[in-house]
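Taking it in order: structure first as structure tokens, then the write-up.
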Amino acid sequence: MEILDKAYNPKEVEDRWYSRWLSKRYFYAKIDKEKKPFTIVIPPPNITGSLHMGHALNNSLQDMLIRKKRMEGYVALWLPGTDHAGIATQNVVEKELAKEGLTRQQLGRENFLKRVWEWKEKYGDTITEQLKKLGCSCDWERTRFTMDEGYSLAVKKVFVDLYHEGLIYKGKRIINWCPRCLTALSDIEVEHEEVESHLWYIRYPFKDLDSYLVIATTRPETLLGDTAVAVNPKDSRYKDYIGRTLILPCAYREIPVIADDFVGMTFGTGALKVTPAHDPNDFEIGERHDLSRINIFTPDAKINENGGDYLGMDRYGAREAIIMDLEEGGLLEKVERHVHAIGHCYRCHTVIEPYLSEQWFVKMEPLAKPAIEVVEEGKIKFVPKRWEKVYFDWMENIKDWCISRQIWWGHQIPAWYCECGEIIVQLEEPSSCSKCKSHNLVQDSDVLDTWFSSALWPFATLGWPEETEDLVYFYPTSVLSTARDIIYLWVARMIMTGLKFANNIPFHTVVIHPTVLTIEGKRMSKSLGTGVDPLDLIEKYGTDATRFGLLVQAQSQDMRFSEEKLEMSRNFANKIWNASRFVLMNLKDYQPPEKFKYNLADLWILSRCNHVISQVNKAFERYDVSEVCRVLYDFFWSEFCDWYVEVSKPSLYGEVDSIRRQTIQHTLIYVLERTLSLLHPIMPFITEEIWQKLPGAKESIVVSPWPKTDTSLINNEIEKEMSLLMSVTVAIRSLRAEFKVPPEKKVSVVVFLHDSGKKRILSDNTLYITSLANVSEFKISLEKPEHSAMAIVEGVEVFLLLAGLIDFKKECLRLEGEIAEAKKELVKIGEKLANREFLKKAPGEIVRKEKEKKEVLLEKINKLENQLVQIKS
RNA sequence: GGGCGAUUGGCUCAGGGGGAGAGCACCUCCCUUACAAGGAGGGGGUCAGAGGUUCAAAUCCUCUAUCGCCCACCA
């Protein structure tokens, strides 16, 4: 039997096992129709990404689930891969080009894309390599990328099918435009943030009257694009002005006063400037009143030729200039402070410009409907359940999805325009126009929203649209685990496309894990420097400790993470290591026993162990990974190590009876082996390393069977008996400490009790108490000894014979304190039992328990008082 | 403006109708041959506040306060 080093050294162990597992192909999910599949598709990280705490948590969680199922005998597939991340990746490569003084426009589309692919080949696997460091048991042979050939075909097919079904259309609308990324964004890619700004009150003079109308706006610069001022038709203040003409300040255009229900009468002045090309509401008002739409911005948000004198200014410069001009012209009535939310690009945080342009959209309502139903019907469950409401709220108010992006990196839209005006949408490039036969066709230059392609992830990765073996066997997948901020962006859309194109739900459970925050409760962010790098943690504490530390905190609330919290986990890993070391050190002569001779403690730990197996399995069913961690931590440390290992020592060191010895050895192995298996999904490396050294170890813990509860070993009677011994032991230790008995000094103990059952337990297991509490003589007596300190546990009076060591004054005080405390409790219980309503309405079980408590307390007080009298005499 | 979540010992968090818990920190003792990344013992909380339901509330309901998150076209 090989003995372990004194302290656990994770680094040495981790690389060795991971490459071993790979070479054995344990993570490869081989289709076996006799077995059930269990599938998780990884939320594909961006190729630009590197592992952050959120990834570390989410992937530890997925690995935990997949490893457990693998051990349970499922064909467990964890399908990995990456996302091409259109805007993000394009930005990164453009930045690189900028260092060389180049722009993508200078390079041209084709060369630029070549550069991006080169970049991808070089850096795109960074994050998947990091996942290996985390111990993730992904099936790397099935790794996918959202721009793989097959995957791209799936994307095109979905687009083409939706188009021909009328669910994708092209339209001119106000969309969210990022003036820095120079592309449209969908509504959910815009992050709203409250900012302190102003409300400017501006006078718009009437053409034919010597007066003016005052409008209030947060964006004075857009007045250059105004084509009307609108008031509410019910607003008596303005009734007479409807239909009159105003002179637009700074632009000197004539615009009408119109009436529209949209306008609120209480905000501002009740008069609204209408800029159809730069505000979604104004756009709609414009449609109703047939107003012209004047675009005043260039794509990078500078004033264009429609802005007259302000041509070339950027939007903020133009604002200042216009305010100044208004002020000079006496047209600025007043300025108020005003807080409002404005949208920012989720990629570069530039302020979004509502911008009129022609884009492709997906009609969402028909897709959303069945996706709502499957969640309502419980076919897909969210964990925690409260996220279902979040999902419903969004789905029930869903808006059409703008899917075209004016960037180059991504899936180019499979639409071709003919000079005759015909639009051809199909998978392959057409050789000629289907209408006029012209060969002069140009493909739409836009690419699709990255989320359009990731929406297909659960089935496109399995080979769809081909009816592949993988697709048939592994789809629908089982669990999806992700962060809550992509419930709309990703989860909802996967459900919609899965139902539509793979004819089934994409997964039956959506686990929404908590967000990892800093210890101050702030979001972790690289740019703010508040992030923690999980690889640093792995380096410092080991992968297993890092995983345990994250998972034990993964409860239903967000977690405030700090590095110190990993110390607990590292210590736990070390504890596992050393307890195993102890076991292995005492196994040198081990032979699997043919006969057993169990003691109370053996039966106790076997019972506890099986309780724990069942608790762990239940917690897994609820996806309560934190509970799994806690149950195992508590059991291993506070029961197995603190009690069973300690109890086993005297027998292992001194016992001559070889059957007893073998029984203890067997029990140690039984418990350790099972605990390691239960811990393996959380802490894969240390458990494998130790497991391999246990007698009878087979191939690998990775593919070893998951523990099943053996109910025949669960014995509540035994657990109660053991707890009596533990209580007596603690009582003796406590008295020793109270009276400062040196640890090495052996003491004599006398216990006094009447209960014959308890007497038997104590006399049968004296060795536990004498060894655990350093007792030389342990007597069950019918006489109370003098000159001793006393404690009462479970009705047993425990006397520590301390002639000469006892400070009687102190002991009196202590006893009086205990009496007082017991009496306080007695009063409370007394009141309860005096309450007739309680006796009448509370369940009999509760009443009985309270009465029993009262008896125990009375007895205890009586005993304590007797002792007090005796000591004083 | 709407919704969701949180409020439990100094800190970070469990618990979720009938005995207030853990880890860290703190105090005392111990380098005992698995482990000082450890062991033994101990102190510390009227469970944010106010009402209500109940025989019984940290736990369920209502309201309030504070913090956080999400959604939203009031310019």
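Fair warning: this is a prediction, and the values are worked out from it, not measured in the lab. The figures that follow rest on heavy atoms only: side chains count, while hydrogens, waters and symmetry mates do not.
- The 5' end of RNA chain B is approached more closely, in terms of each residue's nearest nucleotide, by A:Gln555 than by the other of A:Ser580 and A:Gln555.
- Contacts of A:Tyr488 with the nucleic acid, taken as non-hydrogen atoms under 4.0 Å apart, involve only primed sugar atoms and P, OP1 or OP2.
- Contact annotation for A:Arg570: base contact, defined as any heavy-atom pair under 4.0 Å involving a base atom.
- Note on A:Val263: a base of the nucleic acid sits closer than 4.0 angstrom, heavy atoms only.
- Taking the six-membered ring where the residue is Trp, A:Trp577 and A:Tyr8 present tilted rings, their angle falling between 30° and 60°.
- Base pairing of B:rA22 is made with B:rU12, judged by Watson-Crick or G-U wobble geometry with both donor-acceptor distances under 3.5 Å.
- For a distance-only test at 3.5 Å, the side chain of A:Lys840 fails to qualify as a donor-acceptor partner of the base of B:rC55.
- Using a cut-off of 4.0 Å between Lys/Arg side-chain N and Asp/Glu carboxylate O, A:Glu520 and A:Lys522 are scored as not salt-bridged.
- A salt bridge links A:Asp485 with A:Arg523: the distance from a Lys NZ or Arg NE/NH1/NH2 to an Asp or Glu carboxylate oxygen falls below 4.0 Å.
- When Watson-Crick and G-U wobble pairs are counted only if both distances are under 3.5 Å, B:rA65 pairs with B:rU7.
- Considering only side-chain N and O atoms, A:Gln557 lies under 4.0 angstrom from the phosphate OP1 or OP2 of B:rA14.
- Atom CD1 of A:Ile829 and atom P of B:rA56 are 17 Å apart (whole Å).
- Aromatic pair A:Phe267/A:His338: centroids less than 6.0 angstrom apart.
- Per the geometry, CD belonging to A:Glu564 stands 21 Å off P belonging to B:rA22, to the nearest Å.
- A salt bridge links A:Asp393 to A:Lys389: one of the charged nitrogens lies within less than 4.0 Å of a carboxylate oxygen.
- Among the protein residues, A:Glu567 comes within range of no part of the nucleic acid, since none of its heavy atoms lies under 4.0 Å from any strand.
- The base of B:rA56 has none of its N or O atoms less than 3.5 Å from a complementary donor or acceptor on the side chain of A:Lys832.
- Heavy atoms of A:Arg630 sit under 4.0 angstrom from primed sugar atoms or phosphate atoms, though from no base atom.
- Here A:Phe262 lies in heavy-atom contact (under 4.0 Å) with a base.
- Using a 4.0 Å heavy-atom distance criterion, A:Pro742 is classed as making no nucleic acid contact.
- Residue A:Arg219 is out of contact with every strand shown, counting any heavy-atom pair closer than 4.0 Å.
- As judged by a 4.0 angstrom heavy-atom cut-off over every strand, A:Lys273 is placed among residues making no nucleic acid contact.
- Nearer to the 5' terminus of RNA chain B, by closest-nucleotide assignment, is the contact made by A:Glu744 (compared with the other of A:Glu744 and A:Leu272).
- Using a 4.0 Å cut-off, some side-chain N or O of A:His338 falls inside it from OP1 or OP2 of B:rA75.
- You won't find any donor-acceptor pair under 3.5 Å spanning the side chain of A:Glu646 and the base of B:rA40, going by distance alone.
- With ring centers used as reference points, A:Tyr355 lies under 6.0 Å from A:Trp177.
- The nucleotide B:rG41 finds its pairing partner in B:rC27, both defining distances of the Watson-Crick or G-U wobble pair being shorter than 3.5 Å.
- In a base pair of the Watson-Crick type (N1 to N3 plus N6-O4 or O6-N4) or a G-U wobble (N1-O2 and O6-N3), with each distance short of 3.5 Å, B:rG1 is matched with B:rC71.
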